[in-house]
Amino acid sequence: MEEILKKKLSEKDYAKIEKIGNPEVDKFITKYIELCNPDSVFVCTDSKEDIKYIRDAAVKNGEEHKMAIDGHTYHFDNYLDQARDKAHTAILVPKGVELGESIDTKDRDEGLKDVMEILKDSMKGHEMYVRFFCLGPTNSKFSIPALQLTDSAFVAHNEDLLYRQGYEEFVRQGKNAKIFKFIHSQGELDERKTCKNLDKRRIYIDTEENTVYSANTQYGGNSIGLKKLAMRLAIKRGSKEGWLTEHMLLMGVHGPKGRVTYFTGAFPSACGKTSTAMLDGETIVGDDISYLKKINGEIIGVNVERGMFGIIQGINSKDDPIQWKALNNPREIILSNVLITEDKKAHWIGKNGDVPAKGINHSGDWFVGKKDAKDKEIKCSHPNARFTMSLDTLENCDKNIHSPEGVTVSGIVYGGRDSDTCVPVEESLSWTHGIVMKGAALESETTAATLGQEGVREFNPMSNLDFLPIPIGEYIKNNIEFENGLKKVPPIFGVNYFLVDKETGKFLNEKTDKKVWYKWMELRANKEVEVIETPTGKIPKYEDLKPLFKSVLGKDYSPEAYNKQFMIRVKESLSKIDRIKKIYETKVKDAPKVLLETLEAQRKRLLEAQAKHGDYILPEKFVAGGSCGCSCCGH
Ligand code: OXD
Ligand code: MN
């Protein structure tokens with residue numbers, strides 16, 4: 001082992017590995033040097049000099065290119081490698097282990113054999129980068145040391161912006177570290193420096209060995225080991241140890257008199273999670289993945305990451321002022337799959353200004369009206385085009401982002417892309433009701449963040465389905481039981497930014513309306529406003545929203561708008577229960593009993609209300625002391 005390391009590594013780099021003194025680290029690096037056969041190896045510590053080496057390598061290798069704005073670079077993934085590849089992603093399971101039909105698995109022995117063959121000599125002609133990071137803040141109960149090997153300086157550079165440096169954490173934890181390990185190879189590249197062998201694209205997650213394998217792909221969601229790949233390992237570890245890893249933003253919502261109330265929020269990819277975390281007036285801790293632990297009877301959350309790998313489509317100066325500013329000013333940013341014009345500026349779908357007539361993008365030379373092989377128009381940027389940057393440099397970065405103690409979570413939000421069923425914001429009736437009806441029953445119309453058709457309604461419990469390495473039933477049970485032992489149980493809310501007016505086909509809300517929902521939830525989490533209890537949950541009163549619309553957005557909020565948005569859509573709500581129940585009865589093994597009971601109780605409440613008031617019920621029917629009098633709303 002020592003011999004191989006000494007042969008491939010410079011003396012200086014060998015000393016860096018030796019200083020860590022963890023045989024597991026030595027073994028992992030040695031194994032993949034031997035198998036992948038890189039021309040050279042670079043070991044990156046937390047030093048500025050080492051990190052600069054990676055940044056420069058990305059440009060030198062032709063994986064990234066400099067842009068007009070200082071510090072900005074762009075990168076292209078292969079035209080067919082633009083999103084998470086669910087078809088070639090699998091959890092490796094030993095014989096006899098079953099995770100249920102909604103989770104993609106592969107026999108562990110077969111998967112390992114397959115990927116080892118693919119990785120053999122895959123780094124010939126490339127340099128291997130050895131990187132040490134820390135998932136969660138360093139020096140914390142949450143810290144998980146993560147070791148990444150990759151032959152892509154683009155991947156290593158992304159991780160630099162997205163994760164906390166962890167070399168010193170590895171040294172600190174030494175032999176005792178319980179590490180996560182990632183091996184990625186982009187394999188052979190074409191003349192545009194994008195992956196050539198997409199048929200050999202593989203993403204395998206081995207929870208037995210806390211190792212993830214990724215090959216022949218560059219798209220971040222497939223290649224950045226520490227992101228969605230590490231998430232699977234962490235869910236598994238948390239499930240054994242009694243804590244949660246969630247596909248959740250973490251943000252400070254700023255209430256009256258300087259009060260800051262922290263919220264987590266789960267949304268499927270491309271459903272407004274980042275734009276929520278970036279709401280101006282609030283502060284961001286994280287926009288994608290949170291670890292949650294129960295400490296002294298409270299839910300404590302941390303951001304696993306320190307940067308954002310955000311979707312750039314639709315970002316404009318009006319709706320996203322902070323991101324807009326960052327994207328137009330010098331700082332370290334990587335743009336993927338946007339349009340680059342001759343003057344080395346970027347354009348993307350939904351950006352202010354006219355679309356340039358030509359440039360280069362993920363399809364090569366591009367011009368307005370260009371079509372692909374299937375005669376489909378190629379837009380200037382890919383809908384899943386991304387930008388990578390650190391949060392620290394943003395003006396709205398929360399002061400506790402790196403706190404080893406984390407922040408106390410006082411509210412939890414779930415939301416999906418739903419055009420016709422749920423109201424824009426509603427508090428659940430209890431923790432279990434929230435976990436079941438807002439989390440486990442989450443559905444979303446599909447987007448461009450994964451390969452496949454867009455706009456199809458998909459079941460996505462807690463927006464975490466793609467990332468589960470344990471059976472869904474077990475995962476939901478963990479969430480339901482997470483309430484046990486809490487001194488103060490945070491309220492769970494459901495939000496829906498995508499409700500459409502059936503008559504006009506237009507959205508019933510503007511993008512910025514969500515600012516009001518968060519201010520309302522902040523007041524509610526602190527018990528400062530009352531609610532109207534409906535069969536589906538507790539909705540805001542018009543009297544409370546009206547002044548918030550005025551003070552937050554300067555908008556006059558009409559009773560008509562409120563009624564349209566907050567009307568209970570009984571028919572659609574009942575259909576949703578039917579769909580969800582069927583899934584849990586037929587596709588999910590071991591769904592907790594209480595989940596089915598909660599669905600049934602909601603059906604009963606809806607049917608009672610329907611018998612009295614019909615299919616579409618205005619909030620006033622449920623107002624305390626109103627004419628309703630039905631048992632459904634508890635008055
Ligand atoms: C992401 C995703 O990139 O969920 O965050 O796809
Ligand atoms: Mn995500």
Side-chain angles (χ1 to χ4, degrees), residues 75 77 81-89 104 135 154-155 158-159 161-163 182 184 203 205 212 214 217-235 244-251 264-278 284-292 301 303-315 323 333-338 348 381-391 413-417 439 442 444-452 454 458-469 497:
H75 161 89
D77 299 314
D81 188 27
Q82 297 284 321
R84 280 190 279 110
D85 179 9
K86 291 213 262 183
H88 295 97
T89 302
D104 292 315
L135 294 162
F154 163 71
V155 167
N158 267 282
E159 288 183 330
L161 296 171
L162 291 171
Y163 301 95
F182 307 89
H184 165 255
I203 302 111
I205 298 109
V212 180
S214 164
T217 174
Q218 287 163 317
Y219 170 69
N222 299 323
S223 64
I224 300 172
L226 280 76
K227 202 166 193 41
K228 293 309 199 296
L229 311 182
M231 199 170 159
R232 274 92 159 186
L233 302 180
I235 292 174
L244 301 176
T245 301
E246 296 300 319
H247 192 195
M248 282 179 167
L249 64 81
L250 185 53
M251 68 192 285
T264 58
F267 300 75
S269 312
C271 289
K273 186 144 56 77
T274 299
S275 64
T276 301
M278 288 294 289
I284 180 167
V285 181
D287 82 322
D288 199 32
I289 310 169
S290 299
Y291 292 157
L292 304 178
N303 180 8
V304 172
E305 313 179 280
R306 72 166 186 117
M308 74 169 60
F309 178 59
I311 293 181
I312 202 163
Q313 171 165 325
I315 291 190
Q323 276 139 307
I333 290 191
I334 310 169
L335 299 178
S336 318
N337 308 317
V338 297
W348 55 84
S381 61
H382 191 275
N384 195 30
R386 302 269 179 157
F387 62 96
T388 311
M389 68 181 169
S390 290
L391 301 177
V413 182
Y414 292 102
R417 194 172 277 267
L442 194 72
S444 197
E445 289 147 27
T446 48
T447 67
T450 57
L451 302 173
E454 287 177 46
E458 273 188 353
F459 155 76
N460 192 351
M462 280 76 167
S463 93
N464 223 352
L465 181 62
D466 287 355
F467 315 118
L468 292 184
Y497 307 152

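Computed from a predicted structure; not experimentally measured. We count residues from 1, following the sequence as given. We count ligands from 1, going down the list as the structure has it; atoms in each ligand are counted the same way.
- Looking only at distances, a side-chain donor or acceptor of Ser390 sits under 3.5 Å from a matching main-chain atom of Leu161.
- For the ligand labelled ligand 1, residue Arg386 lies inside the 4.0 Å heavy-atom shell.
- The heavy atom nearest to atom 2 (C) of ligand 1, considering only Cys271, Gly310, Ser269, is found in Ser269.
- Looking only at atom types and distance, the side chain of Thr217 has a donor-acceptor partner in the side chain of Asp81 under 3.5 Å away.
- When NZ of Lys228 and OD1 of Asp288 are joined through the Mn ion (ligand 2), the resulting angle is 90° to the nearest 10°.
- Relative ring orientation between Tyr219 and Phe309 is described as tilted, the plane-to-plane angle lying within the 30° to 60° band.
- Taking a cut-off of under 4.0 Å to the non-hydrogen atoms of Asp288, the atoms of ligand 1 that pass are 5 (O).
- Asp466 and Lys86 are joined by a salt bridge, as a carboxylate oxygen and a charged side-chain nitrogen come within less than 4.0 angstrom of each other.
- Below 3.5 Å of separation, one finds an N or O of His247 facing an N or O of ligand 1.
- Within ligand 1, counting atoms from 1 as listed, the ones closer than 4.0 Å to a heavy atom of Arg84 are 2 (C), 4 (O), 6 (O).
- For a threshold of 3.5 Å applied to N or O pairs, the pair formed by Lys227 and ligand 1 contains no separation below that value.
- For the 3.5 Å distance criterion, the side chains of His184 and Ser223 fail to qualify, holding no donor opposite an acceptor.
- Judged by distance alone, the side chains of Tyr497 and Ser275 never bring a donor and an acceptor atom under 3.5 Å apart.
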